[in-house]
Amino acid sequence: SSENCYVYNHHRWTILTVGSELISYASSENCIQFVKHIEKPHFGFQFHPEIREPENSGIEIFHSVLNSIR
């Protein structure tokens with residue numbers, strides 16, 4: 001799906017490519033923002049899902065990921 005959402009993003013480092021064991025699930029105009037291991041329940045966030053701001057979908061994304069691996 002190509003849904004848009006808003007998340008808090010503030011960092012100096014970027015992820016531009018991922019290895020064959022990772023799947024890129026979300027990206028911004030700057031870099032890859034969310035990855036998952038192809039077999040293991042391992043996820044990585046480049047954005048800050050824990051920061052709540054108006055119109056920020058990050059915490060919902062984070063909780064959705066946590067609920068999917070339970």
Side-chain angles (χ1 to χ4, degrees):
S1 161
S2 63
E3 279 186 46
N4 291 325
C5 64
Y6 298 95
V7 296
Y8 183 82
N9 185 16
H10 178 76
H11 48 78
R12 287 182 270 175
W13 302 280
T14 58
I15 300 169
L16 300 177
T17 61
V18 295
S20 62
E21 294 184 349
L22 297 175
I23 299 169
S24 171
Y25 274 103
S27 61
S28 69
E29 63 277 354
N30 298 321
C31 65
I32 296 170
Q33 297 288 342
F34 176 31
V35 296
K36 181 192 180 298
H37 191 276
I38 60 172
E39 296 175 359
K40 301 174 185 177
H42 297 178
F43 299 85
F45 296 95
Q46 179 67 357
F47 65 91
H48 294 271
E50 76 282 3
I51 295 178
R52 296 179 187 205
E53 290 189 342
E55 298 185 30
N56 184 346
S57 305
I59 198 72
E60 289 87 10
I61 295 168
F62 186 69
H63 285 293
S64 178
V65 169
L66 287 179
N67 288 332
S68 74
I69 59 175
R70 291 183 183 173

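Model, not experiment: these values are computed from the prediction. Positions are given from 1, in the same order as the sequence printed here.
- S28 contributes a side-chain N or O that, together with a main-chain N or O of N30, makes up a donor-acceptor pair within less than 3.5 Å.
- Of all non-hydrogen atoms in K40 and K36, the two that sit nearest each other are O-NZ, 3.3 Å.
- Contacts of I23 classified as side chain to side chain contact (heavy atoms under 4.5 Å, CB included), with partners at least two apart in sequence or in another chain: Y25, I38.
- Other cluster members for I15: V18, L22, I32, V35, joined by side-chain heavy-atom distances under 4.5 Å among Ile, Leu, Val, Met, Phe, Trp and Tyr.
- Atoms CD and CD, from Q33 and Q46 in turn, are 6.0 Å apart once rounded to the nearest 0.5 Å.
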